[in-house]
Structure formats: structure tokens, C-alpha cells
J.: 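Please see the structure below; I have some questions.
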Amino acid sequence: MRGLVSSQTSLSLLKIISKTNNLRLGKSVHAKLIISNLCDIIESNYLIDIYAKCGHLTSARQVFDLMPNRNVVSYSSLMAGYFHDGCPSEVLSVLKIMSSDELWPRPNEFIFATVLASCSDMQAFKMGQQCHAYVLKSGLSFHSYIRNVLLHMYSTCSGVEDALKVFYSMPGVDVISFNSMINSFLEHGRIWDAMEVLNNMVSEIWQWDHITYVAVLGLCADSKDSLLGRQVHCQILNRRFESNLFVGSAIVDMYGKSGDSSSARSAFNELSCRNVISWTTIMAACTQNASLEESLKLFIKMQVDCVQPNDLTYTVALNTCAGLAALTNGNSLKAHIEKTGYMSHLIVCNALINMYSKSGSIEDAEVIFVDLTCKDTITWNCMINGYSHNGLGRKALETFHDMLVNEVSPTYVTFIGVLLACGHLGLVDEGLYYVNHFMRNLGISPGVEHHTCIVGLLCRAGLLDEADRYMRTTHSEWDLISWRTLLSACQTHRKFGLGKKVSDYILQLYPNDVGTYILISNMYAKANRWDAVVKVRRLMREKCIKKEPGVSWIQVRNELNVFASEDNRHPLIEKIHKRLVELLDEIKGIGYVPITDSVLHDVEEEHKEGYLKFHSEKLAIVFGLISTPWGAPIHVIKNLRMCDDCHIAIKLFSKVTKRKMVVRDVNRFHCFQDGICSCNDYW
DNA sequence: TTAGGGTTAG
């Protein structure tokens, strides 16, 4: 730019620069204006706007601070800059400066649009209400911008009902009001109300925008309606909205949440541009649909693609590790998180607590929990449930009491952990008190998960008839898990009469449920009713119901080792067998007697002991013993419920080897230490 | 000269 610019030229230039966000040119015009001393209010306002839109808030503030006189635009431009830069509190502090301005520029609809949006971000409801009163008195509420931002403020700070009042009080609602109202209902879990708003929108709004599609895809995702989702996807393609990054990620999310992971993957592959959110969404879609290894592979690929993970990416990756009980991967993720500074994000710490407690390392979960100075409801729930699932009932209840002392309100999920803890400790009356009084006083209706905990609690205390009566007299949507809890207890407590009755009932409801057949055959095996066992097996064969083969896995030095009972392909299998035989002989010396198990029904009687030696969890445990340093805990995962014999043997292995052994079976954790299991032999 | 609603986790 040669020579000095005239006032007219500079204004025209600034106008173009503010539309194109050309920072370099903006700086250059700024320099010329300083030299020629032509920087008046309007020029300065443009400069604030340009710097703010380019994210250079320090420069914008500098221009603002040096202005001898300002008008309302100077304030609103700086405020919008702070708001978009994620500093809503700065917006309110600029408002304060504005109110003490000698020229007292009257705040207009631009100022309140940004101030109310900042109130929403900060959950500053009182301030939001004061603004509402002001805009009503001053007549600013007639601006559609203001009404929409008010609707959003009430939705985030107060509730959907208040948002609805604003919605209905508006003459001539527009596409933005409808979008906000659908999202408001979705955020509060009211899918059918969101659907009703959508129906009204169809007749009232002719032109949907890309945010409408994001909202409608969210509605399809929450209602798991992949048919509607597919129709919306087609419409998006017709209207060429798919290249929008928000819409693209919402499509991937919709397919993922509707259980169609292959369509999610195709939609992701077709994205023309991918950011951290689209990568996180496809990872979450894989995790939600049980493709856990695939999800972790995508986590690596995303970084190869030079996209850096954010807090939610780490949360998804940690939850995936929790699903796999992949402690080694979880530990390396923690190192990443520490390095990148995400330990200060509460959702990441919550996910770490969850990962450690589900990977059998409750001590590490506890360290994170204790170090957290700021905890939310989910933090407490993760810890309480973590303790309960690891058999530490006393600690779970102590943490629950701490939660109440800290004035954090328990939720539906809290009481699942609390009731599980009561079950571990045999606290029948306390459990019933929590369900019948404590929860109801808090306005939380007990659900099937809580009622199932009560059944488990009664069963564990040996009160099986009471548990049976409870199920028949309590109104609840009893599911397979509830009935299996009772049946499993019949097997453990050898209540074969009730067991027969319960199993007949379950098979009426779920005629092909493999788990139930296995429980029935286990029950007969315990009663030495081998004739009945053979009958059950025959019935299973006739119905083509196959028992899933038992598989255990253990990760050692980043290597996943998989063991199945009749699979001898592991390179160290001979060494493992040899050590296993030695150990079994050793524990026989302290009282181990091999017992038969229903898994062996098809096996000839004389081979029973031989097969028992090679159950997959025993192989994995012995592999852990010979391939990890002395004193290191051994973590094994099994796809089925542990059998009685393995449970006894591993208890004794932990005693003779002085090693801590953690087995996560399909139902719970078993932490074996010094000959004792954390499940107290009830699982 | 200035403004609003939107995608990922539990």
C-alpha cells in the first residue's frame, strides 16, 4: 500500500477486510491509519471487529483501550470477539465498563444478543433473567435475535418449560427458534416432544437450514430411528448439505447410535474434510457397536492424519479400554493425557476412574479420585460403582456418605452402586430402605436395575423365597438379567425346586437363551443329576443352541495373548502346561480337590480332571505368572462366567505364588489375593 | 460499523 490512505478509502478497505477476515491487510491498514492520524471511532470499530474475528483479542482490546471515545458498536464488537473466543466472563466485564462510560451508550439488541448468549455459556441464570427484564422494558424483545437467544438461555440455564414459554410467546417464530426448541427437548431427553416440534416445523418452516438437519439427525440418533435417519440423509444429499462438517459428523453419529456401524463407517469415509469431532464420532460409533479394537485403531489413524485428540477423544478411547479391560493401553493413554494437559478436564478424569475400575485396578482409580479437588456427580458415581463392582462394599458406602456430606445429589446411577454394595455386605434392610424411602424421597423412581439389585441382595443373603416373592409382587419391567440373577442363586444355594420353576418360566419368555441353558445344566450338575444334564444338552443340540467357547485374554508388554480351553497354538503352551500341572499338584497339598463342572458334560468321566486343568483362565493366569516380573499383579479377562473349579484353583494359586490375580469375567471382577477372592465366593 | 441456534463422552 503506497502513500497515505484517505478516510474514504480506508473505510472501504476496512469494510472489505472485515468481510474477508484478512488479518495481514487489516494490520497494514491499521499501521497507515496510525501514521496518518485518521483513526476515528468507525475506523477503530472496524479494527476491533477484524482483530476479534481473527481471534486476536489482545490487539482488539488494545485498539479498544486506546479509543478516547467509544460508541455502542465499539462495545458490541469487542464483546462478540470475547464470546466467540470462549471468554463469556470477559463479555460481562466489558458490559460493566460500558455502564460506567461517561457517554453512556444505550445497550442495543446487538449488545444483549451477545450478553444473553454469554449468560447461557456461563449458566448465569440470574443475570440472564435481569437481561430479560431489561429487554422487555426497552422493547428490544421484539427483535428475533433477542427472542432466540432468550429461548436458548432459558433452555440451558433453567429448563425446557421456560424455553417453551418464550417459544410460544413469540409471534412469527423462525427456523432458528424451531432448531433451538428441538435441541432443547433433545438435551432434556424428551424425544417425543422434540418429534412434535419437528412435525409443527414441517408445516410452518419451508426452508430448513444445515442446523435443522443437525438437530433432526440428533433426534433420529436419540430415538434410534435409522429409517427416518436414512431418509433425512437422502434429503441432505439432495440439498448438498453433506459437505458441512457439522452435518457430516451428525450423520456418522446418527448411524452409530442407531446401531448401524457399517453405514457410520461409509459416511465417515465419504467426508470430504475431517476434524477432531468427526474422528471422535466414528471412534464412539465403533465403541458403541462393540468394535472396540477398531475404535483404538482409528485413534492411532487420526493422529497419523495429524488430527490431535481432544478431551472427548480421550474419553472415548478410555471407555474403549474400559470395555476391553486393556490396562496397558489405558496406562499409555494416561501418559498422553498428562503430556497434553488434559488431566485438568473433569470428563477425562472421570473416564480414567471408570477405565481403572473396570480394568481391575481400583487402587489407581482411587488415586485419581482422591487427587481431584473438583468432583461432579459422575465422578462420585464412577467411584461408588467402581468400588461395588470390585467387591469393596464398605468403601462404596463410605464414598456414598462422603457424597452426601459434600452436598452432591445422588442420581439413578448412584443407587445402583449403593445397592450392589449393600448386596456385598449383606445389608438387606438398608438396601430395602434405600429403594423404598431414600430414593423416593429424592424423587427418583427405582428402575429395573435397582429392583434387580434387591433380588441379588435377597439371594445373596440366602432369602431366595423372598427374592422370588419380590419379583412376583413388585411392579417392574423385569428382564432376562433379573430372572437369571434368581436362577443363578438357585444354583449357588442348591435350591433345585425353585430353580426348576424359575428356569421353566425363563424359557417360556426366552426360549433360546444360551445363558439360561448353561445355568440349568450347571444346577443339575451340582445336584449330580447327570441324566438331567444330558437331557438339557440334548435339547440344546436339537434347538441348535451352542455354548460360546470359553476364551480368556491377557496383555503382557503390549501383546494380547488369547487362550481357549482346547487351543494349543500359543508358542509357550508347553511351558504353561508344565507350570500349571506343578501348581495344581502344589495346591492339592493345601486342600485343593478338582471338582466337576457343567462345561464338561460332553466329556468322558475319566477325562474330567484333565480338561479342567486347561480351562482358558487357568492358562492365561499361568502365562501371566511365567511372563511378568515377580510381584506384578496379573490381569485376565474372560468372556464367560468363571467356573467353580477355576475360582477355587486361582484363589489357591494367589496364595502359593503370593501374587495378586484379577479376573474380569462376564459378570464381575474377582480380585484374588492371599487365597481370598473379593467376591466372597458369591458370583 | 456490531448480533443468535449446531457435531463428539458418561
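Residue numbering restarts at 1 for every chain, and letters A, B, ... go by the order of the sequence lines. In this text the structure is predicted, and so the values were computed from the model without any measurement.
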J.: Can you tell me how far CG of A:Asn275 sits from OG of A:Ser278, rounded to the nearest 0.5 angstrom?
T.: 4.0 Å

J.: Using a cut-off of 4.0 Å on non-hydrogen atoms, how would the nucleic acid contact of A:Ala80 be classed: base, sugar-phosphate, or nothing?
T.: sugar-phosphate

J.: Counting the atoms with a prime plus P, OP1 and OP2 as sugar-phosphate, which does A:Asp253 contact under 4.0 Å by heavy atoms, base, sugar-phosphate, or nothing?
T.: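 Sugar-phosphate contact only.
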
J.: Check every strand shown and say whether A:Leu245 touches a base, only sugar-phosphate, or nothing at a heavy-atom separation below 4.0 Å.
T.: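 Answer is base: heavy atoms of A:Leu245 come under 4.0 Å of a base.
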
J.: A:Asn183 vs A:Ser180, test: side chain to side chain donor-acceptor pair (under 3.5 Å). Steps then yes/no.
T.: CA-CA 5 Å; A:Asn183 281 323; A:Ser180 298; over 6 Å; no

J.: Using a cut-off of strictly less than 4.0 Å between a heavy atom of the residue and any atom of DNA chain B, enumerate the qualifying residues of residues 176-188 of chain A by number.
T.: A:Ile176, A:Asn179, A:Ser180, A:Asn183

J.: Below 4.0 angstrom, N of the basic side chain to O of the carboxylate: do A:Glu161 and A:Arg190 qualify?
T.: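 Here A:Glu161 pairs with A:Arg190 in a salt bridge, since their nearest N and O are under 4.0 Å apart.
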
J.: Looking across every strand, which nucleic acid part, if any, lies under 4.0 Å from A:Asp174 by heavy atom: base, sugar-phosphate, or nothing?
T.: base

J.: For A:Phe83, which contact category applies under a 4.0 Å heavy-atom criterion: base, sugar-phosphate, or nothing?
T.: sugar-phosphate

J.: Taking the six-membered ring for Trp and the single ring otherwise, decide whether the centroids of A:His450 and A:Tyr412 are under 6.0 Å apart.
T.: yes

J.: Pick base, sugar-phosphate or nothing for A:His345, based on heavy-atom distances below 4.0 Å to the nucleic acid.
T.: nothing

J.: Between A:Glu338 and A:Lys334, does at least one N-O distance fall below 4.0 Å, as a salt bridge requires?
T.: yes

J.: Out of the candidates A:Ser223, A:Ser226, A:Cys220, only one should pair with A:Ser258 under the side-chain contact (heavy atoms from CB on, under 4.5 Å) rule; please name it.
T.: A:Ser226

J.: For A:His143, answer base if it contacts any base atom (sugar-phosphate contacts may also be present), sugar-phosphate if it contacts only those atoms, and nothing otherwise; contact means non-hydrogen atoms under 4.0 Å.
T.: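 Counting heavy atoms under 4.0 Å across all strands, no contact is made by A:His143.
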
J.: Indicate, with a heavy-atom threshold strictly under 4.0 Å, whether A:Asp209 touches base, sugar-phosphate, or nothing.
T.: base

J.: A:Val73 near the nucleic acid: base, sugar-phosphate alone, or nothing, with a heavy-atom cut-off under 4.0 Å?
T.: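 The residue A:Val73 makes base contact.
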
J.: Give the ring-plane orientation class for A:Tyr342 versus A:Tyr314, where under 30° counts as parallel, over 60° as perpendicular and anything between as tilted.
T.: tilted

J.: Does A:Tyr255 have its ring centroid less than 6.0 Å away from the ring centroid of A:His233?
T.: yes

J.: Assign A:Asn354 to base, sugar-phosphate, or nothing according to its heavy-atom contacts below 4.0 angstrom with the strands shown.
T.: nothing

J.: Using a heavy-atom cut-off of 4.0 Å across all strands, would you classify A:Thr281 as base, sugar-phosphate, or nothing?
T.: sugar-phosphate

J.: Counting the benzene-type ring for Trp, do A:Phe112 and A:Tyr145 have ring centres under 6.0 Å apart?
T.: no

J.: Would you classify A:Thr212 as touching base, sugar-phosphate or nothing, given that sugar-phosphate means primed atoms plus P, OP1 and OP2, and contacts are heavy atoms under 4.0 Å?
T.: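 Nothing, no nucleic acid heavy atom in range.
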
J.: With a cut-off of under 6.0 Å to the ring centre and 45° to the axis, is A:Lys375 in cation-pi contact with A:Phe369?
T.: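 Judged by the rule, A:Lys375 and A:Phe369 form a cation-pi pair.
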
J.: Could you list by number each residue of residues 254-270 of chain A showing a heavy-atom separation from DNA chain B of less than 4.0 Å, or answer none if no residue does?
T.: A:Lys257

J.: Does the structure place the NZ or CZ of A:Arg274 under 6.0 Å from the centre of the six-membered ring of A:Phe268, at an angle of no more than 45° from the ring's axis?
T.: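 Yes, a cation-pi geometry.
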
J.: Students should find this one: the first and last nucleotides of DNA chain B, 5' to 3', lying under 4.0 Å from a heavy atom of chain A. What are they?
T.: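 So the contact region on DNA chain B extends B:dT1 to B:dG10.
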
J.: Which word best sums up how the rings of A:Phe241 and A:Tyr213 line up, parallel for under 30°, tilted for 30 to 60°, or perpendicular for over 60°?
T.: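 Tilted: the ring planes of A:Phe241 and A:Tyr213 meet at 30° to 60°.
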
